[in-house]
Structures are given as structure tokens and as C-alpha cells.
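What follows is a short report on a single structure.
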Amino acid sequence: MIVADEIPQNITLDTLHDLLPHSIRMVRFTITGFELREVLMEMIDVSAFLSTQQIRGMGFRGKTFGRLVLHQLKIEHGEFYIQKAGVWEKIIPNESYQIVVPDQYLFTWYFPILKKIGKSEIIFPYFLREIVAHKLIENEKGL
């Protein structure tokens, strides 16, 4: 099994399947800035707990939950910021935002707030590994 820190230079479809063995689709949520702040606070709190827990299942998903990675989002002095066109802006409570998360976050107990807020849309027909493969090809990094 390949660990994310050990990703090879030239990735094949087989390597990509080893890295992303399960069929995850992505879910896009359209939410307000107020809801985004609530989601982020829950995700940070729950992921801190999950990172210490052993995962039980079929064995191909790894042994631990991993860590939460925020892209184009940051927290500074208790305030949440989003990066737009290279500029960090404070999240505005009444503004509309879109976030994308793995579908398991919607269908499992990890982050219950996601079932209650905003509008969710499963991004079809692609699995996460297909999206990654497309980006690798687009950026000439492999495959």
C-alpha cells in the first residue's frame, strides 16, 4: 500500500487505484457564510477526535481517519478566511459559498451538520480518482 507522503513521480492507473481504492464521489454544498463557519467549526472539532480513532471496515481504506485539509480556507484569531484570486477575504455571514467534500462526509455520522444545511449536489459521474487522473493528465504529471 502507498502512503500519501510516498506518492511516486510517475503515476499509473494502477498506482492511482492503490492510492484511492474506494469509489468516492464528491459532494458540492451551497451554503451561507454563517453556515460555512458552523460547518468548519464542527469539522475541525470532530476531525481532531477522528484522527485518534481506528477505522473498522473492509481493510482497504486505511487504519486511521487521517487529517482534515482545508484548501483556500484559513482560521486566524478566531476568524475564518477564504482565498479568492490570491487574496484572503473574511467570510461574510450572508454571502453564498460552495464547498466540496467526499460523499462519505454526507452519508456517515462524521459531520452531522452537513445533512442539515444548504443545498447538496453529488458531482456525477466521476469518482475522486477519475478527477485526480484528469488533473494529472491536464498538468502533465503522469498517467
Side-chain angles (χ1 to χ4, degrees), residues 1-33 35-92 95-143:
M1 175 155 233
I2 297 171
V3 178
D5 293 340
E6 302 168 356
I7 296 174
Q9 282 286 27
N10 294 315
I11 297 178
T12 66
L13 288 174
D14 287 338
T15 309
L16 195 55
H17 194 272
D18 286 344
L19 290 168
L20 300 166
H22 37 296
S23 52
I24 293 176
R25 296 195 193 275
M26 302 305 288
V27 178
R28 179 177 27 238
F29 287 89
T30 303
I31 56 180
T32 67
E35 292 168 327
L36 177 55
R37 181 179 170 79
E38 297 297 310
V39 166
L40 290 171
M41 289 191 317
E42 179 173 284
M43 291 180 101
I44 290 165
D45 287 346
V46 174
S47 68
F49 166 75
L50 287 173
S51 68
T52 66
Q53 302 302 301
Q54 293 284 53
I55 294 176
R56 297 176 197 265
M58 292 185 237
F60 62 88
R61 290 189 173 103
K63 295 184 179 5
T64 60
F65 180 78
R67 69 180 198 278
L68 182 65
V69 176
L70 302 176
H71 180 67
Q72 295 181 319
L73 290 166
K74 72 177 181 177
I75 307 164
E76 219 171 72
H77 308 293
E79 295 292 337
F80 291 87
Y81 294 84
I82 189 165
Q83 189 178 37
K84 292 183 179 180
V87 177
W88 289 101
E89 298 178 4
K90 193 172 177 180
I91 291 175
I92 301 167
E95 191 168 321
S96 181
Y97 296 90
Q98 289 187 334
I99 61 170
V100 177
V101 300
D103 62 359
Q104 70 189 52
Y105 289 11
L106 179 61
F107 300 128
T108 63
W109 62 269
Y110 302 144
F111 309 111
I113 195 169
L114 291 176
K115 290 179 179 62
K116 301 174 188 172
I117 57 125
K119 176 187 164 199
S120 64
E121 167 191 11
I122 297 175
I123 301 172
F124 282 112
Y126 303 106
F127 293 130
L128 177 58
R129 73 173 154 261
E130 294 168 324
I131 294 168
V132 171
H134 176 74
K135 286 296 179 182
L136 288 170
I137 292 166
E138 187 178 278
N139 295 315
E140 299 178 21
K141 300 284 185 192
L143 300 176

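Computed from a prediction, not measured in an experiment: that's the story for all the values here.
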Legend entry - Considering all heavy atoms, the nearest V46-Y110 contact: CG1-O, 3.1 Å
Legend entry - Which residues share a side chain to side chain contact (heavy atoms under 4.5 Å, CB included) with K115, sequence neighbours left out: L106
Legend entry - Whether E35 side chain and T32 backbone form a donor-acceptor pair below 3.5 Å: yes
Legend entry - Member of D18, L16, L13, I24 meeting the side-chain contact (heavy atoms from CB on, under 4.5 Å) criterion with R129: L16
Legend entry - Contact summary for S47 and I44, nearest pair of heavy atoms: OG-O, 3.2 Å
Inset, instruction - Please name the pair of heavy atoms, one in I31 and one in L36, separated by the smallest distance, quoted to 0.1 Å. - result: CD1-CA, 3.5 Å
Inset, instruction - Please identify each residue that fulfils salt bridge (charged side-chain N to carboxylate O under 4.0 Å, His left out) with E130, with sequence neighbours left out. - result: none
Inset, instruction - Measure the shortest side-chain to side-chain distance between I123 and V27 over non-hydrogen atoms and say whether it is less than 4.5 angstrom. - result: no
Inset, instruction - Carefully, step by step, assess F29 and V101 under the rule side-chain contact (heavy atoms from CB on, under 4.5 Å). - result: CA-CA 8 Å; F29 287 89; V101 300; 3.7 Å; yes
Legend entry - Taking every non-hydrogen atom, the tightest pair across S23 and D103: O-OD2, 4.4 Å
Inset, instruction - For E42 and I113, indicate whether the former's side chain and the latter's backbone hold a donor-acceptor pair under 3.5 Å. - result: yes
Legend entry - Residue pair W109 / L50: nearest heavy atoms and the distance that separates them: CH2-CD2, 3.4 Å
Legend entry - I137 CD1 to I11 CD1 distance, which is reported to the nearest 0.5 Å: 11.0 Å
Inset, instruction - Show the numbers, then the answer: is there a side-chain contact (heavy atoms from CB on, under 4.5 Å) between M41 and F80? - result: CA-CA 10 Å; M41 289 191 317; F80 291 87; 3.7 Å; yes
Inset, instruction - Using a strict 4.0 Å threshold on nitrogen-to-oxygen distance, state whether R25 and E121 make a salt bridge. - result: no
Legend entry - Non-neighbouring partners of Y105 that pass ring-ring contact (aromatic ring centres under 6.0 Å, His included), sequence neighbours left out: F111
Inset, instruction - Considering non-hydrogen atoms only, spot the tightest contact between L70 and L73 and give its length. - result: CB-O, 3.9 Å
Inset, instruction - Show the numbers, then the answer: is there a salt bridge (charged side-chain N to carboxylate O under 4.0 Å, His left out) between E95 and K84? - result: CA-CA 14 Å; E95 191 168 321; K84 292 183 179 180; 2.7 Å; yes
Inset, instruction - Under the side-chain contact (heavy atoms from CB on, under 4.5 Å) rule, what do T30 and Y97 come out as? Steps first, then yes or no, please. - result: CA-CA 6 Å; T30 303; Y97 296 90; over 6 Å; no
Inset, instruction - To the nearest 0.5 Å, tell me how far H71 NE2 sits from Q83 CD. - result: 7.5 Å
Legend entry - V87 side chain near Y81 side chain, heavy-atom distance below 4.5 Å: no
Inset, instruction - State, with a plain yes or no, whether a side-chain heavy atom of E38 is found less than 4.5 Å away from one of I117. - result: no
Legend entry - Minimum side-chain heavy-atom gap I99-R28 below 4.5 Å: no
